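Given the structure is predicted, the values throughout are model-derived calculations rather than measurements. Lettering follows sequence order; numbering is per chain, from 1.
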Amino acid sequence: MEGTIPLSYYIAVSAILFTMGALGVLIRRNALIVFMSIELMLNAANLAFVAFARSYGVLTGQIFVFFVITVAAAEVAVGLALIVAIFRSKHSIDVDQMSSLKG
Amino acid sequence: MNSMLILFIILSLAAVLSALGLLLSRSAVYAALFLVLNFACVAIFYLLLGAPFIALTQITVYAGAIMVLFLFVIMLLGAEKLPKSQSLPWQRPLAIGLAVVLLFEAGFLLFQRLHLTATLAQPEAQINSVDAIRTLGLTLFNQYLLPFEITSILLLVAMVGAIVLTKQEKGAAG
């Protein structure tokens, strides 16, 4: 059976996932979970890209998802290295503790 | 209500509930596993949208590489056993209010430009076959060759940066 799911349903799911990612960045204090929430937001944007690409019948959206996945991989590698370095010096990954520059 | 719509609703519920689990779980390991479930749901969304190659890339790169990296760091740091610090008391309700505002703004802006009844185009005959992947590859390596090459430089920089950041400095003060 061929499904005809409206595009707006996909966009709604994407918006909900993006909002939950933003909420995770705002309310969680664990730096690792903040990073995971950022991945959730990137993923929601990818879902919107693929849905629009399918809606307009072009492949450019899928190509961009490709690049977003690559950038996410690079971001995670550098970000986790930063978290490991911060944990070595401060013995905490609580984002509230990272206030050394505060006057 | 056809079977595709039922599948879609079940998948969206799974995606939203796993995202909620990521937000609410106390342990970082559980949060990572919820995120893996969410990535799998989104990969099935890609399959429904006729993008099988993106779906498999999602499983391989996100659920495979990135989440294994996350789990490695969680276990390396032992960060899930850290004592919980109290947060600012007004922060959580303010954040939830801002998130609701963001959801309404995003929904308004997106649906203002969309026809609410717009359905997805029927998949072309080639979109679920090997030809779709061939078309994707041809587009990537002809029209988007320069961004593809820049991506390789980006990955190289990220690799060098990660190694430099985590290198133990021998002979440094202390």
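Each of Ala15(B), Ala95(B), Ala65(B), Gly161(B) has some count of heavy-atom pairs under 4.5 Å with chain A, and the biggest count is that of Ala95(B). Chain A forms the most heavy-atom pairs under 4.5 Å with one residue out of Thr57(B), Leu136(B), Thr139(B), and that residue is Leu136(B). Ranking Val13(A), Val76(A), Asn46(A) against chain B, the residue ahead of the rest is Asn46(A), based on heavy-atom pairs under 4.5 Å. Taking Val42(B), Ile163(B), Leu98(B), Ile150(B) one by one and counting their heavy-atom pairs under 4.5 Å with chain A, the maximum is reached by Val42(B). Comparing Ile69(A), Thr19(A), Ile16(A), Leu26(A) by how many heavy-atom pairs each has under 4.5 Å with chain B, the most go to Thr19(A). Comparing Met20(A), Glu75(A), Glu39(A) by heavy-atom pairs within less than 4.5 Å of chain B, the highest count is held by Met20(A).
The line from CG of Leu32(A) to CD1 of Ile74(B) is 5.5 Å long, rounded to the nearest 0.5 Å. Put simply, OG on Ser27(B) and CD1 on Ile33(A) are 7.5 Å apart, with the number rounded to the nearest 0.5 Å. Here the OH atom belonging to Tyr10(A) is positioned 6.5 Å from the CZ atom belonging to Phe45(B), to the nearest 0.5 angstrom. Distance OG1/Thr70(A) to CZ/Phe148(B): 8.0 Å, rounded to 0.5 Å. The distance from atom CG of Leu140(B) to atom CD1 of Ile63(A), rounded to the nearest 0.5 Å, is 4.5 Å. A distance of 10.0 Å separates CD1 of Ile133(B) from CD of Gln62(A), quoted to the nearest 0.5 Å.
Under the ring-ring contact (aromatic ring centres under 6.0 Å, His included) criterion, Phe67(A) pairs with no residue, sequence neighbours left out.
With a 4.5 Å cut-off on non-hydrogen atoms, Ala72(A) touches chain B through its backbone and its side chain both. For a residue to count as touching a neighbouring chain, one of its non-hydrogen atoms must lie under 4.5 Å from one of that chain's; by this rule Phe39(B) touches chain A with backbone and side chain alike. Both the backbone and the side chain of Val71(A) come within contact range of chain B, with heavy atoms under 4.5 Å apart. Interface remark: Leu23(B) contributes backbone and side-chain atoms alike to the contact with chain A (heavy atom separation under 4.5 Å). Looking at Val50(A), the atoms closer than 4.5 Å to chain B (heavy atoms on both sides) sit in the backbone and in the side chain alike. Both the backbone and the side chain of Ala15(A) come within contact range of chain B, each with at least one heavy atom under 4.5 Å from a heavy atom of that chain. With a 4.5 Å cut-off on non-hydrogen atoms, Phe53(B) touches chain A through its side chain but not through its backbone. With a 4.5 Å cut-off on non-hydrogen atoms, Leu20(B) touches chain A through its backbone and its side chain both. Using a 4.5 Å cut-off between heavy atoms, Leu47(A) touches chain B through backbone and side chain atoms alike. In this structure, chain A has heavy atoms under 4.5 Å from both the backbone and the side chain of Val16(B). Contact of Ala19(B) with chain A is made through backbone and side chain together, with heavy-atom distances under 4.5 Å.
Looking at Gln58(B) and Asn43(A), their side chains do bring a donor and an acceptor atom within 3.5 Å of each other.
Aromatic ring centres of Tyr144(B) and Phe66(A): separated by at least 6.0 Å.
Under a hydrophobic clustering in which Ile, Leu, Val, Met, Phe, Trp and Tyr are joined whenever their side-chain heavy atoms come within less than 4.5 Å, directly or via other members, Leu56(B) and Ile54(B) fall into different clusters. A continuous path of ILVMFWY side-chain contacts below 4.5 Å connects Phe64(A) to Val61(B), so both sit in one hydrophobic cluster. The hydrophobic cluster containing Ile66(B) also contains Val73(B), counting ILVMFWY residues as joined when their side-chain heavy atoms lie under 4.5 angstrom apart, directly or transitively. Grouping the Ile, Leu, Val, Met, Phe, Trp and Tyr side chains by contacts below 4.5 angstrom, directly or via other members, places Leu71(B) with Met36(A). Clustering ILVMFWY residues whenever any of their side-chain heavy atoms sit less than 4.5 angstrom apart, transitively, puts Ile44(B) in the very cluster that holds Ile9(B).
In this structure, the side chain of Arg88(A) engages the main chain of Thr166(B) through a donor-acceptor pair within 3.5 Å.
Closest of all the heavy-atom pairs between Ala22(A) and Leu102(B) is CB-CD2, 3.8 Å. Of all the heavy atoms in Ala77(A) and Leu69(B), the pair that sits closest is CA-CD2, 4.3 Å. Between Asn30(A) and Ala28(B) the shortest heavy-atom distance is ND2-CB, 4.1 Å.
A 4.5 Å side-chain heavy-atom check between Ile83(A) and Leu77(B) finds at least one atom pair inside the cut-off. Side-chain contact check for Phe87(A) versus Leu76(B): every heavy-atom pair is 4.5 Å or farther apart.
Residues of residues 152-160 of chain B lying under 4.5 angstrom from chain A, judged on non-hydrogen atoms, are Leu154(B), Leu155(B), Ala158(B) by number.
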